[in-house]
Each structure stands twice: as structure tokens, then as C-alpha cells.
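One-based numbering along the sequence shown.
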Amino acid sequence: MTIAMVRPALAQGQNPLLPHNLSPWGMFLNADIVVKAVMVGLAFASLVTWTVWLAKTIELALARRRARRRIGMLEAGAGLAEATRACADARDAIAQLIRSTAREAELSGGIVDDGFKERVALRLERVEAAMTRQVSRGIGILATIGATAPFVGLFGTVWGIMNSFIGISESHTTNLAVVAPGIAEALLATALGLVAAIPAVVIYNHLARVISGYRTLLGDASAQLLLIISRGQGIRAAALSRAAE
């Protein structure tokens, strides 16, 4: 008899306006429209982060593999003419370094002097910078996400807590059960901001290190080409073959 009287009393005391599902999905569905927009934006930013990571990881892995293969060919003693023929239709970075060197040899008529070496070094430096910029495209968004996502999440938190205090004022009660759902929804925005920001920063730093290593490979290839022209290996042959084309 006593239990039967207590249960109706508890049922009458429940506020039907309070959300009963405090799972992350339930809190998202019951959140204010501004907080929802913040959460959706942060989820999209996180998706962009992992998409950039996957795309750049594949791109850099392929680029480094091709670079190592080209460097191996140069270190094996291939002359400039032979290297130029091997890279005739290739579009990778070191192939462009080789073709740029061969082009300068063609324009210089195969004459190897200090001025020729300086011109080749300038061409190689420009190609290295261009190739580095090419593989670096897209990672700037990671730095932006890592820097702004926590503040976007904090904005959602501030907005949600503000709505919670407005609810306290309108309900004329300080009952924690009234305030807690709104605060939990607000804090979820901060959590999503950290979930978006932390991987973005880590992935950005990782990709920056990988790109730095890739640029080192390009520098090694440039050094090998400068050694080849210093020895005069196939310079005139390369110039004649380019002229014949």
C-alpha cells in the first residue's frame, strides 16, 4: 500500500519538460538550435581533419616512394642523358628536377662552368619550393581547425549555460534537475571542440614532419644532380638529345 502511494507521488513530481535521455545523441537532439549548429560544425571539422589525413598520407607515401626510386637511379651512376630519358613522361618531383637540369644544359649548349652550376642550382631550388608547396596544400586547414575548434566549442558551452540560467529564471527554481540537462548539453559542445582540435593539431604536426622529410629527399636529389653536372657526365649528350627533340 505504501509503495503504491509513493510511485504516483514520484510520477506527479516529474517534470515532463525535462529530457529523459542524457546520452550524447539525446543531448544533441534536446540542445538549443545554436548549440546544435556548433556541434554539427565541429563534427564536420573533425570529418575534414581525418579526410585530409588520409588523402595526404597516401599522397606523401607515393611521392616518397617515387623519390627514393629516382634517387637510387641517380646514385647508381646514371648520367644526365640517361636520367632524362628515364623520366621523359613522368610528372613526379625528381623527374621535374632532372628535366629542369637537362633544359638548362640545353640552353647552355653543354658548357659546364661556374655560371652554369649557379643557374642549375637556382632552377633546382625553385622546383623544390614548388613541389613542397604542392604537397603542403590542404594541411593549413588542420592548423585552422586546431586553433579555432576549442573556442567554437566554448561558444556553444557559453550559449548553452546562458540558456540554462534563463530556464532557472523562468521556472523560479534552483532545482539541479532543471539546470543539469542544459549544462550537460553545453559541456558536450566543449567536448566536441576538443575532439576536433586535438587530432587536428597532432595530424598537422605529423604531416609537417613528413613533408620536411620529403623536402630532404628533394634536396638529396638536387645534390646528386649537382654532382653529375660537376663531373660533366652526359651534359653535352643531354643537350644534344634535347635539341634533337
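Side-chain N or O atoms of R99 include one that pairs as donor or acceptor with a backbone N or O of A90 at under 3.5 Å. Using modelled atom types, no side-chain atom of R70 and backbone atom of A95 make a donor-acceptor pair closer than 3.5 Å. Under the 3.5 Å distance criterion, the side-chain polar atoms of S46 are left unmatched by any main-chain donor or acceptor of L42.
The shortest distance between side-chain heavy atoms of R126 and S100 does not fall below 4.5 Å. Two residues are said to be in side-chain contact when any heavy atoms from C-beta on lie closer than 4.5 Å; L142 and K56 fail this criterion. For the pair I203/V52, no side-chain contact is recorded, criterion being any heavy-atom separation below 4.5 Å from C-beta on. Inter-residue side-chain proximity for D220 and L74 is flagged as unmet; no heavy-atom pair is nearer than 4.5 Å. In this structure the side chain of H206 never reaches within 4.5 angstrom of the side chain of V202, judged on heavy atoms. Between L225 and L97 the shortest side-chain heavy-atom distance falls below 4.5 Å. Two residues are said to be in side-chain contact when any heavy atoms from C-beta on lie closer than 4.5 Å; R66 and I94 fail this criterion. Residues T101 and I228 have side chains not in contact (no heavy-atom distance under 4.5 Å, counting atoms from C-beta outward).
The two residues R91 and Q96 make their nearest non-hydrogen contact at O-NE2, 3.1 Å. Shortest non-hydrogen contact noted between V135 and I211 is O-CD1, 3.8 Å. Nearest approach of P150 to I145, heavy atoms of both residues: CD-O, 4.3 Å.
Ring geometry for W53 versus W50: interplanar angle over 60°, hence perpendicular rather than tilted (30 to 60°).
Under a cut-off of 6.0 angstrom, the local environment of OH in Y204 is sparse, with at most 12 non-hydrogen atoms contributed by other residues, nucleotides or ligands.
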How far apart are the C-alpha atoms of R85 and E82, what are their side-chain angles, what is the distance that settles it, and do they pass the salt bridge (charged side-chain N to carboxylate O under 4.0 Å, His left out) test?
-> CA-CA 5 Å; R85 287 193 297 269; E82 180 183 349; 5.5 Å; no
